> 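Would you mind keeping the following structure in view while I ask a few things?
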Amino acid sequence: MKRISFVLGIVIVASLGLSACGGGGAKTIKIATQSPLSGGQSAIGVDIKNGAELGLEQLKGPLEAMGFTVQLAPWDDQANPDVGVSNSKQIVADPAVLCVVGHYNSGVQIPSSENYHSSGLANVSPANTNPKVTDRGYLEVNRIVGRDDVQGVVGAEFANSLGVKTVYILHDKTTYGQAIAEYFKRQAEALGMQVLGFEGTEEKSNFDPLLTPMLAANPELVYFGGIFDQIAVFIKQAREKGYEGTFLSVDGFDSPEAANIAGETITAGGGTYYTTVAGPAALYPGTAKFQEDFAAKYGAAPKPFAAQGYDSMSICLTAIENAAKANNNQIPSRPAVAEAVRALTDFPGITGTINFNSKGDLTTALYFVIQVVSADPGKWNENPVAETLSIAPPE
Amino acid sequence: MRRRSRSPVAVEILRPFGQLFAFILITAVSLSSFLISLAFVMRGSNADQVLMEHMGQGLLGFTISNLPQVLVDGITIGFVYAAIALGYSMVYGVLEFINFAHSEIFAIGAFIGVEFLIALDNGNRLAGASIGQSYLFLGMAILGGMIIAGLAAVTVERVAYRPLRGAPRLVPLISAIGVSFFLVDAIRLIESVTTGQFYRVFPTFGNFDQIIELAHFNALGFPVNLVIQVKSLVVILAAVTMMVGLSSFVNLSKIGKAIRAVAQDRPTASLMGIDVNRIIAITFLIGGALGGAAGVLFALKFTRIDPFMGFFPGLKAFTAAVLGGIGNLVGALLGGIVLGMLETAAGAYLSAFTAGAFGAEYKDIMAFAILILVLIIRPHGLLGEQVSQKA
C-alpha cells in the first residue's frame, strides 16, 4: 500500500512538472483541426486536415516573424458527435489553441461548437452545410461553404430542369442528411413534382427491404441525402435490381470512394448527379498552385474540401495575425481572434473572395451540380459541372 | 414392391431438405396471408388513400405486387442469418453459453475472403475470369474465410473460454463480450494499416450481379415482377450446403457422435474416453468456419464490409437461434428464415401500412421485438425442448 502511494506521488509530481513545462512555451500558438481521420469517411476527413496542414506550412511566415511558434493540432472526430464533443472539450482546455478548422459532418459540428462558443474560440468550418451551424448566430462560428437550405433547393430546381415528374427521397437520419432531404422535398413539391416516398435509414449493407417499394413506385429520380459510403452501396444495389432512373445526391456524396464502391453502376441508367457546395479544387480559379503543392506533398490530387481546409487555415492565421498586431505583438485573446475572423473583408482565399455576413455565412456562396461520368475513382475530379450558381444565404 | 430403404445416410441428408422446404413454405404462406388480410382490412384507411394518391395503387395491390419479391429477399437474408446462427447453436449445444464473439468471427471471415479477392483483382486475375474461374475464386475465398475464421474461433476458445470453464455462467459471457470488442478493434487496426480506410468493397467479377427474371404475371389483377440475382442464389445454395453438411456431419460421423455425447453429459463422455477439450475445440472450429463462410456470403450479397459489420447480423442470428430453440441446429435454420422474412416485410411495408408514420428504419426492431416475445412466451424457442436443470 505504501509503495503504491509512493509511486502515485511520483506520478502526480511528475505530471505537475510536465504540465508546468507545457505552459512554459508562452509564444506557442496552436490551430486545431477536427475531421474524421479514421473510419468510412476518413477519405475526405484526412484531406481536410492535409489541406489545413499545407496552409499552415505555407502561410505561417508572418506569425513566425512576430516571434510565435505555430503548430497544427489535428483531432480525429471519427464522424461521431460524441467523439467530436469530447475532443472539443480538450481543445478548449488547451489555452494555446486560438482557432479551430473543422468538422466535416454538421451533426458533429453543431454540438462541438457549443463548446467553442462558450469559451470564445473561433471556428472556421470548411464543409458544414446545415443551416443551424450559423443560424444560432454565434460570433465564433463561421463557414466558407454554402447552406443546405439553398443546396436542397438547387437540387430540386435541377431535377425540375431535367424534366423529372416523380421523385423518391431517402436520407441517412443524420442532422445533415435528413435536413437537406426535407429542403429538397419542400421545393420539389412546390415545383409540382410528385414525391413517391420519403424514407430514412441507417442501414449500410442490406437495402433490399427499401428497394422493393421503391422499384414498385418506379420514380424517375431518386434523391439521397447522406454520405458516400452509404449512398454508393445503395446505388449499386438499386441498379443491380434493375432501377433505370436518375440518382441525385448531395455534397456528402462527393468522394472518389463513391466510384470505387459503386463501380460501373454509378454511370448506368439515367446516370448520377450530385449538388455540392465545394467542387473539385480544379473548379476554382485560384487553386492551380495549391493543387500542385498538394500533389507534391501528399502524392495525390486533393479530394473535395481540401482546398476549403486550406482556406479555413488561411483565415485563421490572418485573423490571429491581425489580432496579435492589435495586441502589441503579444498572443491575442480568443474573443479578439473570433472578432478578427468576422472582421475580414474581401479576404482573398483560393476558393474565392471571402466576406462573412453577421451570422458567419458567406455573403454569396457557390453551388455546383456535377455529373458523374466515369466509374474510375482516379477521374473523379474530372467530372463535368452541369451547373454553377452563386446564391446569397437566406435572411 | 420394394420397401423403401431407410438407411441413416439417406435420412440424414434428405431430412434437412424436406424440413427446409416445409419451413420456407409455412413461413411464406402464413406471412403472406397475414399481410394480405391486413391490407384487406385496412382498405379505405388513410394509408390506403395515401398510396392510391401517390402510386395509383391501393394498399391491397401494393401488398400483393411486392409480396413475392419481399419473400425472396427475406429468404436470402434469412439464410445468411441461419448460417451465422448455426455457430451460436453449435457452441450453445455443447457448452451452454453464448459465444458473443461469434459476430466478429463472422467479420474476420468476410475480411479474409474479400482481401483475397481484392488481391486477385489487383493482380488483374478477376477482370478476364471465365464463369467457371469466377466460381472457383469465390469458392477459394469462402474456403480461406472458413479456415482463418475457424482457427480464430479455436484461438478465442483457448484463450478466453477454456481457462474459465469451471467458472459461474456469467464469467465466460463477459469474457465473450470483451473478446468481441477486442476483435473489432483488432480488425480495424489491421485493415487501416495500409490505407487508413477500414472498410472494404467486394470486387465486381463473374456473373454474380446478373439478374434473373423469375416471373412476370398478374395476381388478382395486380402486376407482379419477381427477380433474383445470381448472387442471391449462390448465397442460398451455399447456406443450404453448409446446413446439410453440418447436419450429416453431426449425425453420421464419429466426431459428430462425440460432439453429441459431450453436449449431453460432459463428465460421462470424458469417462468413456472422449477428449472433451479436443471435442470442444472442434466444435468451435466448425462453428467459426461456418460463421466465416457466412461472412464471405454476406460480403458477396451486400458489397461493403467494415469491422463493425458483425454486430447487427450477429444479434439477429442470435435472435434467430433463440427463436428456433437455441442448441437446435434445425431450429437455427427455421429462426433465420422467419426472422429474415419478417424483417424484410417490415422494411418494405411499414411505411405503406402506417402512411409514412413509421418508415423502413424500424425494420431492425422486428428482431428485438421477436427476441423479447420469445423469451416471455416460449423461452425454449419454437423447436427447442424444455431442458431440465442439471443437478
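Please read these numbers as outputs of a predicted model, since none were measured by experiment.
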> Sort out for me which of Y349(B), Y362(B), F312(B), F302(B) touches chain A most, counting heavy-atom pairs under 4.5 Å.
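Going by pairs under 4.5 Å, I would pick F302(B).
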
> Given a strict heavy-atom distance threshold of 4.5 Å, which part of N218(A) is in contact with chain B: side chain, backbone, both, or neither?
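Neither part.
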
> If you count heavy-atom pairs under 4.5 Å with chain B, which of A232(A), A217(A), G263(A) comes out on top?
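Option with the top pair count is A217(A).
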
> Does a side-chain N-to-carboxylate-O contact under 4.0 Å join K49(A) and D76(A)?
no

> Which region of F62(B), side chain (C-beta onward) or backbone (N, CA, C, O), has a non-hydrogen atom less than 4.5 Å from a non-hydrogen atom of chain A, or is it both or neither?
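It is the side chain, since no backbone atom gets that close.
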
> Could you check which of T201(A), L210(A), D229(A) has the highest count of heavy-atom pairs closer than 4.5 Å to chain B?
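Of the options given, most contacts go to D229(A).
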
> Using side chain to side chain contact (heavy atoms under 4.5 Å, CB included) as the criterion, point out the one residue from D306(B), L117(B), I118(B) that pairs with R200(B).
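Between R200(B) and the candidates, side chain to side chain contact (heavy atoms under 4.5 Å, CB included) is satisfied uniquely by I118(B).
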
> Quick one: are V46(A) and K303(A) in side-chain contact, heavy atoms under 4.5 Å?
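Side-chain contact under 4.5 Å: no.
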
> Is K173(A) close to chain B through its backbone or its side chain, or both, or neither, when contacts mean heavy atoms under 4.5 Å?
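Just the side chain, heavy atoms under 4.5 Å.
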
> Quick check: are there more than 12 heavy atoms from other residues, nucleotides or ligands sitting under 6.0 Å from CD of E57(A)?
yes

> Taking side chain as everything from C-beta outward and backbone as N, CA, C, O, which of these in E240(A) sits under 4.5 Å from a heavy atom of chain B? Side chain, backbone, both or neither.
both

> List the steps, then state whether salt bridge (Lys or Arg N to Asp or Glu O under 4.0 Å) holds for R239(A) with D209(B).
CA-CA 10 Å; R239(A) 289 282 185 234; D209(B) 293 343; over 6 Å; no

> Give the minimum heavy-atom separation between T175(A) and G107(A), together with the two atoms involved.
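Scanning both residues completely, I find the closest heavy atoms to be OG1-CA, 3.5 Å.
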
> Quick check on E53(B) against chain A: is it the side chain, the backbone, both or neither that has a heavy atom closer than 4.5 Å?
backbone

> Could you check which of V195(A), T166(A), L215(A), L211(A) has the highest count of heavy-atom pairs closer than 4.5 Å to chain B?
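Max contact count across the listed options: V195(A).
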
> I'd like to know which of G242(A), A216(A), G200(A) tops the heavy-atom pair count under 4.5 Å against chain B.
G200(A)

> Under 4.5 Å from any heavy atom of chain A, what part of F298(B) do you find: side chain, backbone, both or neither?
side chain

> Quick check on the interface: out of E203(A), K241(A), K204(A), who has the most heavy-atom pairs with chain B under 4.5 Å?
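Of the candidates given, the most pairs with chain B belong to K241(A).
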
> Name the region of T204(B), side chain, backbone, both or neither, that has any atom closer than 4.5 Å to a heavy atom of chain A.
side chain

> Applying the side chain to side chain contact (heavy atoms under 4.5 Å, CB included) test to L221(A), which of L196(A), I169(A), V167(A) qualifies?
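With L221(A) as partner, L196(A), I169(A), V167(A) yield a single side chain to side chain contact (heavy atoms under 4.5 Å, CB included), made by V167(A).
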
> Is the backbone of P219(A) close enough, under 3.5 Å, to the side chain of Y243(A) for a donor and an acceptor to pair up by distance?
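Side chain of Y243(A) to backbone of P219(A): a pair is present.
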
> Among T76(B), I75(B), I77(B), exactly one meets side chain to side chain contact (heavy atoms under 4.5 Å, CB included) together with F79(B). Which residue is that?
I75(B)

